[in-house]
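Heads up: the structure comes next, in structure tokens.
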Amino acid sequence: MKTYYDPEDLKKFGNISDFQPELGKKFFDYYGSVFADGALTKREKSIIALAVAHAIQCPYCIDAYTEDAMERGYDEEQMMEAVHVAGAIRGGASLVHGVQMMNKYKDLSM
Amino acid sequence: MAVLTHKSLAAQDHELSESDKQLKLLHEAGLTPFQDKLTDSGLFPLKPVELDIFQINMGKMCNQVCKHCHVDAGPDRKEIMTRETMLECLDAIDKTNCSTVDLTGGAPEMNPDFRWFVEQLSAKGKHIIVRCNLTIIVANKKYNDLPEFYKKHNIEVVSSLPYFSSTKTDAQRGDGVFEQSIRALKMLNAVGYGVEGSGLTLNLVYNPSGAFLPPDQSELAGTFHSKLKDRYDVVFNDLFAITNIPISRYLQYLVASGNYEGYMEKLVNAYNPVAAANVMCRNTLSIGWDGYIYDCDFNQMLDLKVAAKGQHLSDFNATELQERSIIVNQHCYGCTAGAGSSCGGTTT
């Protein structure tokens with residue numbers, strides 16, 4: 001069955017450099033630096049990445065950072081809490097626009 | 001007793017209970033031969049360093065049937081070391097300068113001559129390690145005094161606890177195992193094991209409950225220390241993070257869950273030459289329940305006997321064994337992935 005997303009494509013991520021080596025290299029160097037230990041540890045960055053993966057609904061990122069989080073010692077409860085953080089931010093982002101709706105509603109009302 | 005939900009592969013007459021079928025499957029994956037990786041690292045043929053550890057498998061009988069068990073141990077396994085073979089072990093040990101004797105199984109304590117054997121080893125002044133599955137201590141009244149017995153002989157106790165919660169532990173080791181393990185840990189703590197200043201060492205072993213590599217050992221140890229103390233008032237010394245080796249029941253799990261190819265690729269991609277140089281088979285000999293000699297417990301389960309004329313304790317020749325080449329195969333990728341893996345945890 002043909003689908004837009006193929007889990008095997010994740011392994012080919014590096015191939016994006018084939019069509020534009022210079023920018024590809026810059027991106028992967030940057031990516032490596034971002035996920036290195038810094039003011040935040042690799043482990044902390046892993047759970048942030050897992051939450052963001054859900055916020056942006058990237059299936060490749062969800063696969064990659066679920067595995068990464070498990071290999072960094074997170075358990076299912078912690079990982080689901082991270083997903084809820086993404087859900088809360090996304091839900092909040094919709095709901096906070098409710099204030100805009102209310103403002104407009106009031107503008108148009110007597 | 002822990003509730004048993006599985007039989008051994010041998011009792012099921014499963015094809016992966018046969019070592020040649022396991023080796024065939026490992027080769028069919030079409031991955032770079034481990035031997036080639038070692039050659040690239042300048043380590044092939046892999047040679048021993050000075051022998052330090054005798055690891056003795058006292059039998060395949062166990063009160064648990066863990067999903068990842070590389071021994072395929074369980075209550076239905078009747079292979080057990082006799083006192084005669086233990087005497088051969090003692091003779092062989094006398095012919096070497098090894099400092100440590102590491103007793104494993106199955107549950108080594110289920111061997112009727114376990115205590116007698118420990119007493120003989122203790123009299124020789126050897127450092128003794130017992131790989132205790134914890135639940136055996138509470139499985140039957142006759143085992144309840146094991147903590148006192150371990151203490152008497154200053155045994156280092158090494159026990160598996162894959163997580164500080166019941167969900168992951170029971171999923172891997174059987175229903176009810178976590179609760180019984182905590183009870184047993186408290187009994188060990190009560191006689192001083194794991195308690196600072198007691199001199200009695202209690203180390204825990206973490207291995208992943210699934211098809212992934214272990215986390216950083218030191219980070220994980222910190223979490224285990226705080227969670228076990230806060231939740232259960234349990235203390236211990238070190239945590240060993242061990243990689244699951246793709247043989248026996250763990251191999252069967254990988255195949256059945258569709259994770260086999262992905263896991264093998266992960267191991268190969270994570271090959272670390274530094275870990276390869278430090279593999280435990282270089283300073284260890286592994287003895288089977290029937291007295292045959294192997295490079296490690298994994299080779300033992302794959303029936304890959306040492307490459308020497310004397311392959312049995314009855315023909316033990318320390319000099320010849322020291323000059324042998326260690327037998328490697330595709331499962332060896334498990335010990336060389338990432339930070340490396342041994343019975344004492346990471347190797348880098």
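Throughout, protein chains are lettered first and strands after them, A, B, ... in sequence-line order, and every chain is numbered starting at 1. Computed over heavy atoms, backbone and side chain alike; hydrogens, waters and symmetry mates excluded. Computed from a prediction, not measured in an experiment: that's the story for all the values here.
Using a 4.5 Å cut-off between heavy atoms, B:Thr167 contacts chain A through its side chain alone, with no backbone atom that close. Looking at B:Pro214, only its backbone comes within 4.5 Å of chain A, counting heavy atoms on both sides.
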Check your understanding: Can you list the steps and then say if A:Arg72 with B:Glu219 is a side-chain contact (heavy atoms from CB on, under 4.5 Å)?
Key -> CA-CA 9 Å; A:Arg72 295 196 185 281; B:Glu219 272 185 1; 5.5 Å; no
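Residues of residues 24-39 of chain B lying within less than 4.5 angstrom of chain A, judged on heavy atoms, are absent. Residues from residues 10-46 of chain A that place a non-hydrogen atom less than 4.5 Å from a non-hydrogen atom of chain B comprise A:Lys11, A:Arg43, given in numerical order.
Here the closest non-hydrogen pair linking A:Tyr74 and B:Tyr163 is C-OH, 4.3 Å.
Annotation: the span from A:Glu71 atom CD to B:Phe212 atom CZ amounts to 7.5 Å, rounded to 0.5 Å.
By the 6.0 Å contact criterion, CD on A:Gln78 is enclosed, its count of non-hydrogen atoms from other residues, nucleotides or ligands being greater than 12.
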